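Predicted model, so just to flag it, every value in this text is computed and none were measured.
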Amino acid sequence: MATRRRGGGEAVVGTADNAAVSSAGGRPAKTTSNGSVVIVLAAVAALGGLAIFMMATRSPDAAPATTTPDPLTTRQVLFEAVGDEAAVERRKFLVGFNAAIDVVVPAVELMDSLGLKPAPTPKDNPTLAHTTALTETLSFFMMHGTAAERRFDDAEAFEGLVAGARQLASTSLHPGGNAVLMGRYLASQAGQEVVMLGPIGPSLKELLPEGVSVPGLQERDEHHLILEYKTGEAWGPQLRAARANRFIFSHDVANAELQALPQLSAQVHASRPDIVVLSGVHMLTELEPVTRDRLVGKLLAEIRLLPSNVGVHLELASIADPAFWRVVAKQLIPAVASVGLNEQELLDLAHAVAGGNPDPEKQGQKQQDEAFDFSAAVRSVPQLPSADIVVQHPPMVLTREVLAWVAGAFGPLAGGKLGRIHFHSLKYHIVAENPKIWRGARAEAAAGVLACARQACESPTVEPSLYAVRTPDIEVGWAGDELRTWSDAGFVYQAAPVLVCHNPTKTVGLGDAISAAGLNRAVYVASLDKTNTPTTKQKQK
């Protein structure tokens, strides 16, 4: 299964002290023993400009930030940007497709209880055929402190692992799957209605809050095992976790095949939502290319059946296969009005598309990746920031270049519908919007940061002492006392500093909370013209 869960995003996970991002998992960076050389994503290294980005190191003369970031000031700035959260307009969201019960368990405790030891030679297996592959892959990602998600092929063995986990007193059960986590967040906001599509069985239904309606229950629930570990935690005499994170795996057929997909257009016309939120496309990665491309085609057909006054958001996830990224980029991203993604996914997308035009029929025409020019951006930066894993801390000046490329390649200027991008990383979040399509970027960016901060530290008031402020190293002097704004080619960009929890107590679903919080404040302009719908009549009373 493709890597996903963001803190996270699952966008931000880890501690303020080690500045860890576990938002995407994916293939971790590798460093030399002294940390001076960074090699990130070997597949990306073939791209000259992007390789410069991946291997950037700070000049010894890099200027320090002029002030120390103040969590209290940053919190106040974010609160002011969000405004009155109680005044958010009442709306209806339809959310699909991936849904499961998350079985959350301490990784080392589970492995020890099952008699499983760390692998002598850790390695990243794209799928888990047996428990040996599980220990190899868990050892690999635990060693690097990077989040990942994989498919476990043996159904019987997986059920045994679930049963073993449920016997531990430290195990907890939670609603899971990106769709469920986003829907649950939206339903927790005053007045919002949520319709949930996905493989939801009786046990999962009981875990959902009021305000979430399920058109049809499945006979059984799907389970995802989430193995969590802490910074420095030992598994065996040799292995130590580089940073706090989690490893997720499942044997999940219903979600992997998007079995709820045929209900989409019918349920949209029946429930008449304002915004449709789609996730789980990354789970198609492990299917045969013919099968997954067919399912993407079916999803695209369903999207095209939706009313024009319904905003469609696609929550992206890390996809290991560049060929599948190109399918998603060619067919789905231009067909939706909004996307959410983190730094790993942004770079994976850029690499996949820049590595070859996604449309073979357009070879010889202007290539989409011609606008994707990191070399010019790198030359414009006097010194790039130091980073032990640069892909997890991309300098904002370079992220701006990639976001502008995405907006240009898949938005109105290229004939696409994309009018909103919600990007999040450890040090900053950026919301990019075409104001003719979406409104509210400033409040959305701030709401995403606050949602992540509240959930990570379980602090509804965002107590300043629990956090450190992160801002881009390259933005010298940005002390977290403002949101930054700029415009480019019809898009308005809002960047917000991040409050990172010193000692996070929740690492699962942070990215889903970020994206959901942003959507809760986003206004899809076409929906303002809606007439004779239940939602509008309720607003007029």
Holding to side chain to side chain donor-acceptor pair (under 3.5 Å), I want the full list of residues that pass it with [X], two or more places apart in sequence or in another chain.
X	value
E109	S170
Q167	none
S338	H313, R420
R292	D321

Would you please name every residue forming a side-chain contact (heavy atoms from CB on, under 4.5 Å) with [X], sequence neighbours left out?
X	result
R240	A234
K117	none
A404	D488, Y493
A157	F152, D154

Extract all donor-acceptor atom pairs below 3.5 Å that involve side chains of residues 453-460 and protein atoms in other chains or at least two apart in sequence.
{"residue": "R454", "atom": "NE", "partner": "P460", "partner atom": "O", "Å": "2.9"}
{"residue": "R454", "atom": "NH2", "partner": "E85", "partner atom": "OE2", "Å": "3.3"}
{"residue": "Q455", "atom": "NE2", "partner": "V508", "partner atom": "O", "Å": "3.2"}
{"residue": "E458", "atom": "OE1", "partner": "T505", "partner atom": "OG1", "Å": "2.7"}
{"residue": "S459", "atom": "OG", "partner": "V462", "partner atom": "N", "Å": "3.2"}
{"residue": "S459", "atom": "OG", "partner": "E463", "partner atom": "N", "Å": "3.0"}

**Prompt:** Thinking salt bridges, do R151 and E149 make one under a 4.0 Å N-O criterion?
**Reply:** no
**Message:** Holding to salt bridge (charged side-chain N to carboxylate O under 4.0 Å, His left out), I want the full list of residues that pass it with D112, two or more places apart in sequence or in another chain.
**Reply:** none
**Fill in**
Hits for salt bridge (charged side-chain N to carboxylate O under 4.0 Å, His left out) against E228, two or more places apart or cross-chain, chain-then-number order -> none
**Residue from V103, L110, L225 passing side chain to side chain contact (heavy atoms under 4.5 Å, CB included) with T171** = V103
**Message:** So, applying side chain to side chain contact (heavy atoms under 4.5 Å, CB included) with L161, which one of L134, V105, L227 is it?
**Reply:** L134
Is [X] reaching over with its side chain to a backbone N or O of [Y], donor-acceptor style, under 3.5 angstrom?
X	Y	answer
N255	A99	yes
D221	L204	yes
S425	Y428	yes

**Message:** Side chains of Y467 and T74: any donor to acceptor distance under 3.5 Å?
**Reply:** no
**Asked** Between H422 and I514, what is the shortest heavy-atom contact and its length?
**Response** CE1-O, 3.5 Å
**Prompt:** Closest heavy-atom contact between L138 and F247?
**Reply:** CD1-CB, 3.7 Å
**Prompt:** With sequence neighbours left out, what residues match Y185 under ring pair (Phe, Tyr, Trp, His ring centres under 6.0 Å)?
**Reply:** none
**Item:** Approximate separation, where rounding is to 0.5 Å, of L316 CG and S515 OG
**Value:** 9.0 Å
**Message:** Using salt bridge (charged side-chain N to carboxylate O under 4.0 Å, His left out), reason through R184 and D512 one step at a time and then give a plain yes or no.
**Reply:** CA-CA 10 Å; R184 191 177 183 217; D512 300 307; over 6 Å; no
